[in-house]
Amino acid sequence: QVQLVESGGGLGQAGGSLGLSCTASGRTFSIYFVGWFRQPPGKEREFVAAVNWSSGGTYYGDSVKGRFTISRDNAKNTVYLQMNSLKPEDTADYYCAAGSSPLRVKYSNSYSYWGQGTQVTVSS
């Protein structure tokens, strides 16, 4: 089993920055990659970013590329999502997820473990 806990959500200003963290515990040796998804109010869940746990290779959704940065600290079992140049449309519940498959990192059903989520609100 893998447990994921997100932190760092809250209120941000348009044009500003927020940082999210996802800390994993349990059988973390089974993690192949970690991703972030978000779900704005009344909208579908959207892929944000993912990182390969061992190599550090990253993947980004088109809506956040160039603004958000994902990274990981294996020693701390933690993945970070640095969100810069925030927009009101970034307002959403953000979820951290971990998976064991190297394929289809942009699809939520590729992930086996999910955190409870953290809310991000961006005001204009």
With a cut-off of 3.5 Å and sequence neighbours excluded, list every side-chain donor-acceptor pair involving residues 33-41.
{"unit_1": "R38", "atom_1": "NE", "unit_2": "E46", "atom_2": "OE1", "d": "2.9"}
{"unit_1": "R38", "atom_1": "NH1", "unit_2": "D90", "atom_2": "OD1", "d": "2.8"}
{"unit_1": "R38", "atom_1": "NH1", "unit_2": "Y94", "atom_2": "OH", "d": "3.0"}
{"unit_1": "R38", "atom_1": "NH2", "unit_2": "E46", "atom_2": "OE1", "d": "3.3"}
{"unit_1": "R38", "atom_1": "NH2", "unit_2": "S63", "atom_2": "OG", "d": "3.3"}
{"unit_1": "Q39", "atom_1": "NE2", "unit_2": "K43", "atom_2": "O", "d": "3.2"}

Exercise for review: List, by chain and number, the other hydrophobic cluster members for F29, where Ile, Leu, Val, Met, Phe, Trp and Tyr join if side-chain heavy atoms come within less than 4.5 Å, directly or indirectly.
Suggested key: none
Check your understanding: How would you list, by chain and number, every residue that makes a side-chain contact (heavy atoms from CB on, under 4.5 Å) with E89, sequence neighbours excluded?
Key -> K87
Exercise for review: State, yes or no, whether a side-chain contact exists between S30 and S100 at a heavy-atom distance under 4.5 Å.
Suggested key: no
Point to revise | Whether over 12 other heavy atoms sit under 6.0 Å from R27 CZ | key: no
Review point. Is any side-chain heavy atom of L4 closer than 4.5 Å to a side-chain heavy atom of Y95?
Key: no
Show every donor-acceptor pair shorter than 3.5 Å between a side-chain atom in residues 111-122 and any protein atom, with sequence neighbours excluded, or say none if there are none.
{"unit_1": "Y111", "atom_1": "OH", "unit_2": "V105", "atom_2": "O", "d": "2.6"}
{"unit_1": "T118", "atom_1": "OG1", "unit_2": "G9", "atom_2": "N", "d": "3.4"}

Point to revise | Flag if over 12 foreign heavy atoms under 6.0 Å of CG, N109 | key: yes
Exercise for review: Kindly indicate whether the side chain of F68, heavy atoms from C-beta on, has any atom under 4.5 Å from the side chain of L86.
Suggested key: yes
Point to revise | Closest heavy-atom pair and its distance - N52, Y32 | key: ND2-CE2, 3.6 Å
Practice item. May I have the step-by-step check of side chain to side chain contact (heavy atoms under 4.5 Å, CB included) for Y107 and F47, ending in yes or no? Key: CA-CA 7 Å; Y107 293 86; F47 172 76; over 6 Å; no
Check your understanding: How would you list all residue pairs meeting side chain to side chain donor-acceptor pair (under 3.5 Å) that involve residues 2-11, not counting sequence neighbours?
Key -> Q3-S25
**Study point:** V48 side chain near L81 side chain, heavy-atom distance below 4.5 Å
**Key:** yes
Review point. Which pairs pass side chain to side chain donor-acceptor pair (under 3.5 Å) with one or both residues in residues 76-85, sequence neighbours excluded?
Key: S17-N84, T23-T78, Q82-N84
Exercise for review: List the steps and the verdict of side chain to side chain contact (heavy atoms under 4.5 Å, CB included) for V79 and W53.
Suggested key: CA-CA 9 Å; V79 172; W53 191 251; 3.4 Å; yes
Exercise for review: Compute whether any side-chain donor of one residue and acceptor of the other, for S71 and D73, lie under 3.5 angstrom apart.
Suggested key: no
Exercise for review: Can you measure from CD1 (I31) to CZ (R72) and round to the nearest 0.5 angstrom?
Suggested key: 12.0 Å
